Amino acid sequence: MPEQEPYEPERAIAGTGMGGTMDLGASEAITLEQPPGPDGADPRDKPRSLWSDAWHDLRRNPVFIISALVILFLVVISIWPSLIASGSPLKCDLAKAQEGSQPGHPFGFNGQGCDVYTRTVYGARTSVAVGILATLGVAVLGSVLGGLAGFFGGGGDAVLSRITDIFFAIPVVLGGLVLLSVITSNTIWPVIGFIVLLGWPQISRIARGSVITAKQNDYVQAARALGASNARLLLRHIAPNAVAPVIVVATIALGTYISLEATLSFLGVGLKPPSVSWGIDISSAAPYVRNAPHALLWPSGALAITVLAFIMLGDAVRDALDPKLR
């Protein structure tokens with residue numbers, strides 16, 4: 001015969017809900033003491049936060065996984081391009097100009113006799129660096145200005161709104177042609193500064209609206225009633241709950257900034273030779289597209305894949321952080 005569970009009186013008495021008690025067996029008493037969750041989960045498990053719930057969804061999203069792997073690969077070759085490219089991107093041989101694929105040179109040579117494969121690999125460093133640094137600058141500047149304007153309101157909010165309207169009226173490419181054409185520096189910093197200068201209004205609008213929405217929540221009003229300072233309200237209660245839209249927009253915009261750098265370099269006002277950039281290579285290969293289409297195809301393809309990967313990553317993050325899309 002199977003063993004019976006020991007009878008414990010203190011666990012076998014359950015309330016009837018009407019002021020009395022009833023005698024139960026040990027197994028029934030245990031069931032009433034701690035009922036299981038709807039899916040058999042332990043009811044004592046703590047509910048997940050927005051960020052843990054978003055990470056739980058992202059790990060199961062194939063779009064996020066694929067785009068994250070592509071971006072990770074781009075970051076790795078940007079830091080250590082010699083892992084997959086042994087030559088120098090500045091070493092050229094005019095005797096091999098416009099030649100096709102050869103052993104050791106799978107992408108062929110461009111119009112100046114430079115190895116297209118090596119230049120494509122090293123071009124990732126410039127594009128990724130400009131995209132990441134410009135996005136960080138835009139996110140920090142726009143979040144600070146928009147967050148403060150949305151929290152305090154008043155005249156400062158009105159002035160910032162009019163300033164953002166002015167910046168929105170400036171065509172990006174035309175502004176780049178005007179501003180960058182007078183700068184002689186051959187580094188990435190003028191391009192990054194230009195992108196930050198014209199990119200912060202978008203993030204500012206997003207941050208302002210998100211802060212205005214968050215500061216109206218009950219927990220913020222309760223903290224204010226308990227005497228919390230403005231700094232504590234912003235940093236402890238509002239910012240963690242208002243930063244999600246900023247992250248989504250900044251992630252999607254990162255791919256746009258990489259494309260903008262390539263466009264400005266293609267037009268001759270961004271990075272200039274001897275810098276290595278996909279925009280420079282596309283510009284130099286355009287006149288020879290009929291004789292050497294490979295010199296245009298590979299840097300253009302690398303640029304398209306990079307921009308697409310960041311846009312896909314941003315879409316996946318948006319779907320995970322927006323509860324309305326679940």
Side-chain angles (χ1 to χ4, degrees), residues 70-71 74-75 77-78 81 85 88-92 94 97-98 100 107-135 137-138 167 170-199 202 252-311:
V70 173
I71 292 171
L74 290 170
V75 171
I77 66 172
S78 298
S88 171
L90 302 178
K91 182 180 179 180
C92 304
L94 286 176
Q98 302 183 21
F107 293 175
F109 300 87
N110 62 13
Q112 289 76 37
C114 305
D115 184 23
V116 176
Y117 172 77
T118 303
R119 290 188 64 85
T120 301
V121 172
Y122 276 83
R125 170 181 291 180
T126 301
S127 297
V128 172
V130 169
I132 292 177
L133 294 176
T135 302
V138 167
F167 276 94
I170 300 175
V172 177
V173 176
L174 179 59
L177 289 173
V178 174
L179 295 178
L180 295 178
S181 61
V182 298
I183 298 176
T184 58
S185 176
N186 197 31
T187 64
I188 63 176
W189 298 110
V191 179
I192 294 173
F194 166 74
I195 294 175
V196 172
L197 179 63
L198 293 188
Q202 180 187 17
I252 297 176
L254 199 155
T256 306
Y257 297 153
I258 292 177
S259 178
L260 178 59
E261 179 274 322
T263 301
L264 295 174
S265 298
F266 177 84
L267 295 175
V269 296
L271 297 177
K272 304 174 181 64
S275 298
V276 181
S277 168
W278 290 333
I280 295 175
D281 289 350
I282 294 172
S283 178
S284 62
Y288 312 103
V289 64
R290 291 189 177 182
N291 298 328
H294 58 274
L296 179 66
L297 174 64
W298 293 111
S300 301
L303 175 64
I305 292 173
T306 302
V307 174
L308 180 61
F310 280 104
I311 292 177

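Not measured: the values here are computed from a predicted model.
- We find the CD-OG1 distance between Q202 and T256 to be 8.0 Å, quoted to the nearest 0.5 Å.
- Across every non-hydrogen atom of A124 and S78, the tightest pair is O-OG, 3.3 Å.
- A side-chain contact (heavy atoms from CB on, under 4.5 Å) with I188 is found for exactly one of V191, I192, N186, namely I192.
- Here the shortest heavy-atom pairing between S277 and E261 reads OG-OE2, 2.9 Å.
- Side-chain contact between L264 and F194: present, with at least one pair of heavy atoms (C-beta onward) separated by less than 4.5 Å.
- Interatomic distance, W278 CH2 to T306 OG1, rounded to the nearest 0.5 Å: 3.5 Å.
- Taking every heavy atom of both residues into account, S127 and I258 meet most closely at O-CG1, 3.4 Å.
- Here the side chains of L267 and V173 are in contact, with some heavy-atom distance below 4.5 Å.
- Taking the six-membered ring where the residue is Trp, Y117 and F107 present perpendicular rings, their angle passing 60° and hence far from 30°.
- Rounding to the nearest 0.5 Å places CG of L133 at 9.5 Å from CG of L254.
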Could you walk me through whether R119 and L90 pass the side-chain contact (heavy atoms from CB on, under 4.5 Å) check? CA-CA 8 Å; R119 290 188 64 85; L90 302 178; 4.2 Å; yes
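- For the atom pair OG1 (T263) and CG (L303), the distance works out to 7.5 Å, reported to the nearest 0.5 Å.
- Taking both residues in full, the closest heavy atoms of G175 and I170 are given as CA-CG2, 4.4 Å, listed atom of the first, atom of the second, then distance.
- Taking OH from Y122 and CG from D115, the interatomic distance works out to 11.0 Å, rounded to the nearest 0.5 Å.
- Summarising the geometry of P287 relative to S284, their closest heavy-atom pair is CD-O, 3.4 Å, with the distance given to 0.1 Å.
- Once rounded to the nearest 0.5 Å, the distance linking SG of C114 with CG of D281 reads 8.0 Å.
- Between L271 and I280, the closest heavy-atom pair is O-CD1, 3.4 Å.
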Can you list the steps and then say if Y257 with V138 is a side-chain contact (heavy atoms from CB on, under 4.5 Å)? CA-CA 10 Å; Y257 297 153; V138 167; 3.5 Å; yes
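- With S265 contributing its side chain and G270 its backbone, the two residues share no donor-acceptor pair below 3.5 Å.
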In sequence, state the C-alpha distance, the side-chain angles, and the governing distance for L179 and L197, and then conclude on side-chain contact (heavy atoms from CB on, under 4.5 Å). CA-CA 11 Å; L179 295 178; L197 179 63; 4.0 Å; yes
Please test T118 against V121 for side-chain contact (heavy atoms from CB on, under 4.5 Å), starting from the C-alpha separation and ending with a verdict. CA-CA 5 Å; T118 303; V121 172; 5.9 Å; no
